[in-house]
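Each chain gets a letter, A, B and so on, in the order the sequences are listed, and its residues count up from 1. For the numbers below, each heavy atom of this structure counts, side chains included, while hydrogens, waters and symmetry mates do not.
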Protein chains: 2
Amino acid sequence: MKDSIDDHVALWARELPEMDLRVEGIAARLQKLTRYLDRRRDAVLAAHGLQYWEFKTLHMLRRNGAPYQATPGELATRLGLSPATMTNRLDALERRGYVDRGHDRDDRRKVVATLTPAGLKIWQQGIGDISQVEENLIHQLSHTDQDHLLVLLRRLVLATEGDH
Amino acid sequence: MKDSIDDHVALWARELPEMDLRVEGIAARLQKLTRYLDRRRDAVLAAHGLQYWEFKTLHMLRRNGAPYQATPGELATRLGLSPATMTNRLDALERRGYVDRGHDRDDRRKVVATLTPAGLKIWQQGIGDISQVEENLIHQLSHTDQDHLLVLLRRLVLATEGDH
DNA sequence: GGAGAGTATTTCGACGTCGAAAAGTTTGAC
DNA sequence: GTCAAACTTTTCGACGTCGAAATACTCTCC
């Protein structure tokens, strides 16, 4: 059974004869599946009136256990964003009531962002829906195929992280 | 051998007991590998002074065989962008000399964008470097493992293309 | 042919992002 | 005790993107 990537690769193979069909087929499918998950995830979050960047920010606060606090700088570093962007995100989340901002008592340079009960609640709804989206896709494979796929992907991830 | 996703999943498993570890491990690795390829690709393109959105636009023009032409509307649809964005992209690419714009003689509403020789040349350099990045990653697996991985990924892609 | 509907592109205002500079706070050396 | 260097966050200007309105052109039908 052929998928759209088979067609795509066959088309480019005519133009770029030195292209490695296996490599291209795998890389294109990795990207296609990720884009699919991105789209489905954005759709279920939109049902809660949430953008993905809002969810990711709440997620990083939730990742720190109770009381779900972090400084803007910490959040920016972990999310791979500039400090400027984090200021904007926290402005928006504070306006929507999902986050509180206050100054650190010991070091008044620092700001401490805290997840509000409303923020925690919408995060819970979002994380549940996102898990469901991922399950709907991956459950297309049997458990043994899932394990097989996971092992192959782990080998690739290890290669990107520096072999040990 | 454990990778960073194993740690990530183990961490969240404590907080979300109903989470499916296999599903999460696969989904997280798909996304991590795609992000890795994105970063490496952006880096090699930057060596040619090219942003990925510029390359993608040239790529879509190159995809149409010689004389490498398309209308803004066609490009916007295939790239999943708004017409407004395509106007901006073509403005920039025309300024850099990678694209020419002219009016269609038969239908003067239409604009025809054409890849210049300079645009074709930089696309060739970019596509070669991107293929190299993908090969460097995927060649971590043997040919038989690559084939196994490809088959599993194709099954997932087919699942995303079957139901709508 | 002329009016109105339809199509293709551009313009406009808003958003989220970034790098760099600015503002406010702490630390350390003297 | 003072002040310069370091640290944290915010502000500012620019970019790429989008939706919606505006512009320019074509087609249809009477």
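Put simply, L137(A) and V44(A) are part of the same group of oily side chains (I, L, V, M, F, W, Y) that touch within less than 4.5 Å, one to the next.
With hydrogens and angles left out, the side-chain atoms of T114(A) and Q69(A) include a donor and acceptor closer than 3.5 Å. In this model, no donor atom of one side chain and acceptor atom of the other lie less than 3.5 Å apart for E24(B) and S131(A).
Residue pairs satisfying the salt bridge (charged side-chain N to carboxylate O under 4.0 Å, His left out) criterion with at least one member in residues 108-117 of chain A, sequence neighbours excluded, are listed as follows: D107(A)-R109(A). Sorted by first then second residue, the salt bridge (charged side-chain N to carboxylate O under 4.0 Å, His left out) pairs that include residues 141-153 of chain B, not counting sequence neighbours, are R22(A)-D147(B), R155(A)-D145(B).
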Please tabulate, one pair per line, each protein N/O and nucleotide N/O from nucleotides 21-29 of chain C that are separated by under 3.5 Å, including the distance.
{"from": "dT26(C)", "atom 1": "OP1", "to": "R108(A)", "atom 2": "N", "distance (Å)": "3.1"}

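Summarising the geometry, the separation between CG on L90(A) and C1' on dT8(D) is reported as 13 Å, rounded to the nearest angstrom. As a whole-Å value, the separation of E94(B) CD from dT9(C) P is 14 Å. When the P atom of dT9(C) is taken as reference, atom CG of D91(B) falls 13 Å away, rounded to whole Å. Put simply, NZ on K110(B) is 11 Å from P on dT26(D), counting in whole angstrom units.
We find that E15(B) and R62(A) are joined by a salt bridge, their nearest charged nitrogen and carboxylate oxygen being less than 4.0 Å apart. Between D129(B) and R41(B) no salt bridge is recorded (no basic side-chain N to carboxylate O distance below 4.0 Å).
DNA chain D is contacted by T71(A), P72(A), G73(A) of residues 57-75 of chain A, taking any non-hydrogen atom closer than 4.0 Å.
Outside the 6.0 Å centre-distance limit, the rings of H48(B) and W123(B) are not counted as a close aromatic pair.
Residues that satisfy the side chain to side chain donor-acceptor pair (under 3.5 Å) test with N64(A), not counting sequence neighbours, are E74(A), R78(A).
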Practice task
Spell out protein contact along nucleotides 16-22 of chain D as letters: B when the base is contacted, S when just the sugar-phosphate is, - when no protein heavy atom is under 4.0 Å; keep the 5' to 3' order.
Solution key: SBBBB--
Practice task
In sequence, state the C-alpha distance, the side-chain angles, and the governing distance for W53(A) and H59(A), and then conclude on ring-ring contact (aromatic ring centres under 6.0 Å, His included).
Solution key: CA-CA 10 Å; W53(A) 64 262; H59(A) 190 64; over 10 Å; no
